[in-house]
Amino acid sequence: MPAMFALGDKVIGNAEVATFAAFGSFAMLMFVDFGGPMIDRLQAQASLAVVGAVFVCVGTLTSRNPWLAAVAMGLVGFGVLFVGVVSSTLAGATTSLLLAFILPVSLPGAPSSIPERLAGWAMASIAGMAAVALLWPAPAEDQLRVRATATCRALAARLRLEVARLLDGKDTGTAAEREQTTVAADSAVAELHQLFLATPYRPTGLSTTARAVVRLVDELNWLHSLLTQSRKPPPGAVNPAPCAVKIAAAAVLERGADLLETPRTHPESLRSALAELRQTLAVLEHNATSELPIQRERPGESAVMAEQRIREFIGSLDPSFRAQELSFVVSLIGSNIDLAASADRRRWIQRILGRQPTGLPGTLSAAQERAAAHVERHSLWLHNSVRGAVGLALAVFVAGQTGVEHSFWVVLGTLSVLRSNALNTGQNVLRAVGGTAVGFAVGAALLVPIGRSTTLLWFLLPLTILLAGVAPSVISFAAGQAGFTLVLVILFNIIQPTGWRVGLLRVEDIALGCAVSLLVGVLLWPRGAAAALSKSLAEAYADSASYLAAAVEFGMLRCDPSTPSPVGPAQQAVRAAAASRRMDDTFRGYLAERGAKSIPLAEVTRLVTGVAGLRLAADAVLDLWGRDDGRAAGDRAAARLELLRSTESIRGWYDDLANSLNGVHPVPAPLPQDRDADGRLLQAVRHDLRGEDGQATATAVRMIWTSDHLDAARRLQTGLVQPASAVHHGK
């Protein structure tokens, strides 16, 4: 930045060029840090430079009319803030993009000044790209991928240990080894989840690879919860089929970890492991079919004995269902890893043309889907985008109408302190003005002995820039404001030596911008992310429960050849995914808000994780019935009726939970297990769903496994009541 500033001020001798070169350097290097391979980083920097150049032109053309400037600032501000929802790359560049428009729109200039301003911006862009490529280039390692790789291996090790203990009939290895394996898996999942939530926006870009990898987080979290909740099998001989599925699942996780680590290698090993998992699952389904007791009651068997036998059989099916549930999640994990690696192996021309691997939507459709998810009145991202746009537009208008000398700082002050609720905006006002005052005091103290000599100021400029860049992260927000103020005092005294007055004007302008920010924070959605979080959780649970019900209904129609081929619940799936995205972004906003949390973070996290579990249960039911050929013999009416009854009961509970999160009703008690319904379902399956060979059909097993998926959604309720009560009482 000092080099570009010196080039514009001392060599070219144009203050306009020098100013835009200086602040363009801030935008290109201090306010954004793109990740990924160097070629991707340079492409992102070049894109930022091009968009910034357009903003410089538009901002300059609208800068001389306060009304037009305010409207333009509002439109551009909303667009820049809202578009970040589709990509973490765009979200990370928000401040730089806004700075590229704030600077020209708040410094009135004639159209004839556009070439000078563009020249300064271009100088900063070229220097910024050179600095990114040559000065300590950041490693291309994707930390999310690294953590996902370690998590896959840790969960695979836990699976293998569990199977070894079952097959040996005794504890394998020492207690310390078992404890070490379990702790390693728990730590790997916790670190992955913590990294995923470490930023105020979902850490995924629009690239095909990023979209595939980010899905792994929810899936690995849910796989870990399945292993944690796994029950000890009933006494007796161990069924080898579920063990074979678990061993095959562990192999998929291990081969997937290898491919995540070296995505350029051939995926044959992972694909073979996935094929082996599908084969072992088919054997599991066949064994479960052959073991289903479809015969009539035994002669002389009492009703009590028959009921006891049915309950014992239902319990014996649990290991098979657990293995089937686990295989579904692991198959998703393996498929997503394969897609990510396939995207990495594309040739450069395929990337430029947007050619996607089979199984992933195109970039444009993915962006449209993400943006559409937040065009909803409860979306915190939409709230913050509107709030930011109104605040920036109002700041531009106030600065233009009041005629302050440095109107740019009024708008920048608004941008610096605007947060999601009035309380935190007020806290940031104090930090911003206090930090600015400290920076002014330090700058004034330096200028007294220096006087009008600019030579010493040139030596101090790089040091103060370093301080301004480091202070916000290392010290505090207020320290960053102080460092930035010190940079500005030195910068403007180099351009036009005026002594301490520059710092005083900076304090006045920042105070005016803070007042605008505080006003907007009070007027627009002043309750903040905590209130929005409960609404987004309620919507996510209601829409996910609707998706689960639609998936079960699809299965019930899918297995009936007398009805037309049913259409899958695509609309319900899209709504559930959109609600989940809004919830995720609101949760990040809640985490990012300063101040004490009214609800314990652990309780909120359990509610957020529960949404993913409910959606995955619906995905599993949909996948289960997608493999049914619809040609099973027998009458399905009785079994279908039992499943639909259970589905409606579970959906009703989650609807009540959603109402309680909105503060409408108390939190409902968890539904108890309905053993009578289990018995009726098994009786219906025994009597009605058998093939010509007298054995139960695969449809019969899918009926029972659908019931098990519904029961998993019911068991999830127990862990949600306490955190939901905390949210309900905290409203």
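Source: prediction; values computed, not measured.
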Show me, pair by pair, the donor-acceptor contacts under 3.5 angstrom made by side chains of residues 48-62, not counting sequence neighbours?
from, atom 1, to, atom 2, distance (Å)
T60, OG1, V56, O, 2.7
T60, OG1, R117, NH1, 3.0
T62, OG1, V58, O, 3.1
T62, OG1, G59, O, 3.3

Subject >> Side-chain touch E539/M583, heavy atoms, less than 4.5 angstrom >> reply: no
Original post:
Taking C-beta and beyond as the side chain, do P104 and F20 meet within less than 4.5 Å on heavy atoms?
Top reply: yes
**OP:** Check step by step if side-chain contact (heavy atoms from CB on, under 4.5 Å) holds for V83 and S385.
**Re:** CA-CA 9 Å; V83 78; S385 299; over 6 Å; no
Original post:
Would D258 and R153 pass as an ion pair if we require N to O under 4.0 Å?
Top reply: yes
Subject >> Validation row: C152, L220 side chains within 4.5 angstrom (heavy atoms) >> reply: yes
**OP:** Taking all non-hydrogen atoms of both residues into account, name the closest pair between G334 and L270 and its distance.
**Re:** O-CD2, 3.5 Å
Subject >> W458 side chain near D9 side chain, heavy-atom distance below 4.5 Å >> reply: yes
Subject >> Interatomic distance, I337 atom CD1 to E261 atom CD [nearest 0.5 angstrom] >> reply: 11.5 Å
Original post:
About how many Å separate CG of L253 and CG of L155, when rounded to the nearest 0.5 Å?
Top reply: 6.5 Å
Original post:
Say you draw a straight line from CG of L192 to OG of S187; how long is it, rounded to the nearest 0.5 Å?
Top reply: 12.5 Å
**OP:** Verify side-chain contact (heavy atoms from CB on, under 4.5 Å) between D33 and R41, making sure each step is shown before the conclusion.
**Re:** CA-CA 9 Å; D33 183 21; R41 299 188 72 196; 2.8 Å; yes
Subject >> Which atom of G8 lies closest to which atom of A18, heavy atoms considered >> reply: C-CB, 3.8 Å
**OP:** Of all the heavy-atom pairs spanning F31 and S96, show the shortest one and how long it is.
**Re:** CB-OG, 3.4 Å
**OP:** Enter the distance from L616:CG to L223:CG here, rounded to the nearest 0.5 Å.
**Re:** 10.5 Å
**OP:** Starting from the C-alpha separation in whole Å, work towards a yes-or-no answer on side-chain contact (heavy atoms from CB on, under 4.5 Å) for R615 and S580.
**Re:** CA-CA 9 Å; R615 284 183 61 210; S580 181; 3.4 Å; yes
Original post:
Do the non-hydrogen side-chain atoms of I12 and M123 ever get within less than 4.5 Å of each other?
Top reply: yes
Original post:
Between atom CD of E219 and atom CG of D619, what is the distance when rounded to the nearest 0.5 Å?
Top reply: 8.5 Å
Original post:
Is the closest side-chain heavy-atom distance between V252 and I333 below 4.5 Å?
Top reply: no
Original post:
So do L81 and V386 actually touch side chain to side chain, heavy atoms under 4.5 Å?
Top reply: no
**OP:** For side-chain contact (heavy atoms from CB on, under 4.5 Å), just list the numbers for L382 and F78, CA-CA rounded to whole Å, side-chain angles, deciding distance to a tenth of an Å, and then say yes or no.
**Re:** CA-CA 9 Å; L382 178 65; F78 176 80; 3.9 Å; yes
**OP:** Specify the closest pair of heavy atoms between D338 and P267, including all atoms of both residues, with the distance to one decimal.
**Re:** OD1-CB, 3.7 Å
**OP:** Looking only at non-hydrogen atoms, find the nearest pair between P108 and S63 and report the distance.
**Re:** CA-OG, 3.5 Å
Subject >> Minimal non-hydrogen separation, A110 against R64, with atom names >> reply: CB-NH1, 3.6 Å
Subject >> CE on M4 to CD1 on I126, rounded to 0.5 Å >> reply: 8.5 Å
Original post:
Has the side chain of T464 got a donor or acceptor atom that lies under 3.5 Å from a matching backbone atom of L461?
Top reply: yes
Subject >> Side-chain heavy atoms of E191 within contact of T151, under 4.5 Å >> reply: no
